[in-house]
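I have placed the structure first, in the form of structure tokens, so that the comments after it can refer back to it.
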Amino acid sequence: MDKLNYEQIGQVWATSDQASDIACIELESFPDLFGDDEFERRCEVHHKRLLEKLTHYRLLSINNQDGSKAYIGWMSLQWNLSKAITVEWPETVEHMTLGATQIPKQPLIERLRSKHPEILQQDLFYVCGLGIRPSHQDRGLGTKMMGQLKQVANKSGLKILLFAEAHPDERFIAMHEEELALSEKQARDAAEALQNNPSDEAAQQAASFIQATVRVERQLTELVRAAAASPGRYPLTFYTRLGFRELGWSFRWSPNRERHGVLPAPRKLCPMMYEPSM
């Protein structure tokens, strides 16, 4: 592929008609999170978000030789605003009015709100996701999109919040080891209760359930240890280079189902913030 220059790359705000383009890029960008069989479900997710108009997708495109457009990346945004403001998107003539709204409820946001509500009482952008097709990931497009958002933040005074995956550390491993130890203790207690009353159906079900939990927790702990032992490349480093800082906490996030019979490793997600320079 010839090196692209940014003048050749188009940018638009996605409409609900482009939900399938967004889902296609997502599945290509995150093959460890989404399988090909999830395309329809992800289309529905993005289509619903676009119709609700609480999530906004910035799409990147290039022109094919036949004149058609090919979408190669996207960034999805939500925001907290106490009052509406108008911003100009860098390197375009677009002016966009951001309405007064709150970031909608979602698992990571609610976990952050429960521990540090002051973070979500500020006016800020929230970057929900960033996806670039693998064939274009070495073109600096993610850096370009985040750089434009930072320019908007610098002019408007809005901060930028996101969650970035980080390398598992000793504290993250210890958290899983503690959960495994707790599950093992519960399994011993359940086994003792069943031994004392072997005909009790409730005790049988409890023992069976906790034994299955121990097997899962043991497997997850081993997966985390293996991930910690491997250097890998993690998004947190990318965002640190772009001027984001860690807020000092982390959350465990686990993909919600097995892929091809393999349990995915839990991920360490760190909230990060960009402070505008005005």
Side-chain angles (χ1 to χ4, degrees), residues 30 33 45-46 48-58 74-87 96-131 142 145-146 148-179 182 220 224 234-256 265-278:
F30 307 104
L33 296 183
V45 168
H46 296 300
K48 180 180 178 181
R49 289 175 179 170
L50 285 160
L51 288 178
E52 290 174 341
K53 299 187 183 300
L54 294 175
T55 307
H56 303 263
Y57 295 79
R58 189 71 173 171
W74 54 262
M75 175 173 62
S76 57
L77 291 172
Q78 297 170 351
W79 51 76
N80 266 356
L81 274 178
S82 54
K83 62 180 181 180
I85 63 172
T86 299
V87 299
M96 181 179 182
T97 298
L98 311 180
T101 188
Q102 293 289 310
I103 296 171
K105 290 185 177 181
Q106 51 204 287
L108 282 173
I109 288 295
E110 293 312 301
R111 290 174 69 179
L112 180 60
R113 195 190 311 275
S114 68
K115 292 181 178 294
H116 302 280
E118 71 280 1
I119 297 297
L120 294 166
Q121 292 169 358
Q122 308 175 70
D123 285 356
L124 51 78
F125 285 112
Y126 171 46
V127 179
C128 316
L130 178 68
M145 296 188 87
M146 291 305 304
Q148 290 184 336
L149 183 59
K150 284 169 57 180
Q151 290 181 54
V152 175
N154 290 339
K155 289 185 177 181
S156 65
L158 297 182
K159 299 178 180 180
I160 307 173
L161 171 70
L162 54 80
F163 292 87
E165 185 180 358
H167 188 272
D169 56 13
E170 290 299 324
R171 289 180 61 185
F172 195 65
I173 296 173
M175 180 181 72
H176 286 82
E177 290 175 338
E178 290 170 4
E179 291 182 2
L182 177 61
L220 291 177
V224 169
Y234 290 88
L236 184 138
T237 304
F238 167 73
Y239 290 111
T240 299
R241 289 199 302 265
L242 292 178
F244 286 76
R245 64 176 178 85
E246 296 180 57
L247 294 182
W249 326 291
S250 64
F251 300 100
R252 161 177 158 165
W253 178 74
S254 299
N256 58 12
R267 298 169 182 242
K268 178 183 176 182
L269 295 185
C270 299
M272 303 186 76
M273 185 80 80
Y274 174 77
E275 304 274 355
S277 56
M278 296 182 65

Between I103 and L120, does the side chain to side chain contact (heavy atoms under 4.5 Å, CB included) criterion hold? Intermediate values first, please. CA-CA 8 Å; I103 296 171; L120 294 166; 4.2 Å; yes

Any chance you could lay out the side chain to side chain contact (heavy atoms under 4.5 Å, CB included) test for Q121 and H116, step after step, and finish with the verdict? CA-CA 10 Å; Q121 292 169 358; H116 302 280; over 6 Å; no

Please assess I109 against Y126 for the test side chain to side chain contact (heavy atoms under 4.5 Å, CB included), listing each intermediate value before the final yes or no. CA-CA 10 Å; I109 288 295; Y126 171 46; 3.9 Å; yes

Set out, in order, the CA-CA distance, both residues' side-chain angles and the distance that settles side chain to side chain contact (heavy atoms under 4.5 Å, CB included) for D169 and I173, then state yes or no. CA-CA 6 Å; D169 56 13; I173 296 173; over 6 Å; no

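Note: F244 and Y274 have tilted aromatic rings, judged against thresholds of 30 and 60 degrees for the angle between ring planes.
The side-chain heavy atoms of L130 and L162, taken from C-beta on, include no pair separated by under 4.5 Å. The closest side-chain heavy-atom distance from Y57 to C128 is not below 4.5 Å. With contacts defined as side-chain heavy-atom distances shorter than 4.5 Å, the pair V87/K155 does not qualify. By the 4.5 Å heavy-atom criterion applied to side chains, K115 and W249 are not counted as neighbours. Inter-residue side-chain proximity for R252 and L220 is flagged as met; some heavy-atom pair is nearer than 4.5 Å. Under the 4.5 Å side-chain criterion, counting only non-hydrogen atoms from C-beta, F125 is not in contact with L161. Residues V127 and M146 form a side-chain contact, since some pair of their non-hydrogen atoms from C-beta on lies under 4.5 Å apart.
The CG atom of L112 sits 10.5 Å away from atom CD of Q106, with the distance rounded to the nearest 0.5 Å. In this structure, M272 CE and L236 CG are separated by 4.0 Å, a value rounded to the nearest 0.5 Å. Here OG of S156 is found 11.0 Å from CH2 of W79. Values are rounded to the nearest 0.5 Å. For the atom pair CD of Q151 and OG of S277, the computed distance is 10.0 Å after rounding to the nearest 0.5 Å. The CZ atom of F251 sits 12.0 Å away from atom NZ of K268, with the distance rounded to the nearest 0.5 Å. Rounding to the nearest 0.5 Å gives a distance of 13.5 Å between CG of L54 and NZ of K105.
Within 6.0 Å of the CD atom in E52, the count of heavy atoms belonging to other residues, nucleotides or ligands exceeds 12.
In this structure, the side chain of R113 does not engage the main chain of I119 through any donor-acceptor pair within 3.5 Å. A donor-acceptor contact shorter than 3.5 Å is absent between the side chain of N80 and the backbone of L124. In this structure, S76 contributes its side chain and G129 its backbone to a donor-acceptor pair below 3.5 Å.
Using a 4.0 Å cut-off between charged side-chain N and carboxylate O, E165 and R267 make a salt bridge. One finds no salt bridge joining K150 and E275 here, because no Lys/Arg side-chain nitrogen approaches an Asp/Glu carboxylate oxygen to under 4.0 Å. K159 has no carboxylate O lying under 4.0 Å from a charged side-chain N of D123, or vice versa, which leaves the two without a salt bridge.
Side-chain atoms of T97 and T86 form a donor-acceptor pair, as typed in the model, at a separation below 3.5 Å. Under the 3.5 Å distance criterion, with hydrogens and angles disregarded, no donor-acceptor pair is assigned to the side chains of Q78 and Q102. In this structure, a donor-acceptor pair under 3.5 Å is absent between the side chains of R49 and H56.
The minimum heavy-atom distance linking A164 with Y239 is given by the pair CB-CD1, 3.8 Å. Looking at every heavy atom in both residues, G99 comes nearest to A84 through CA-CB, 4.1 Å. Closest non-hydrogen pair, P276 versus A153, comes out as CB-O, 3.3 Å.
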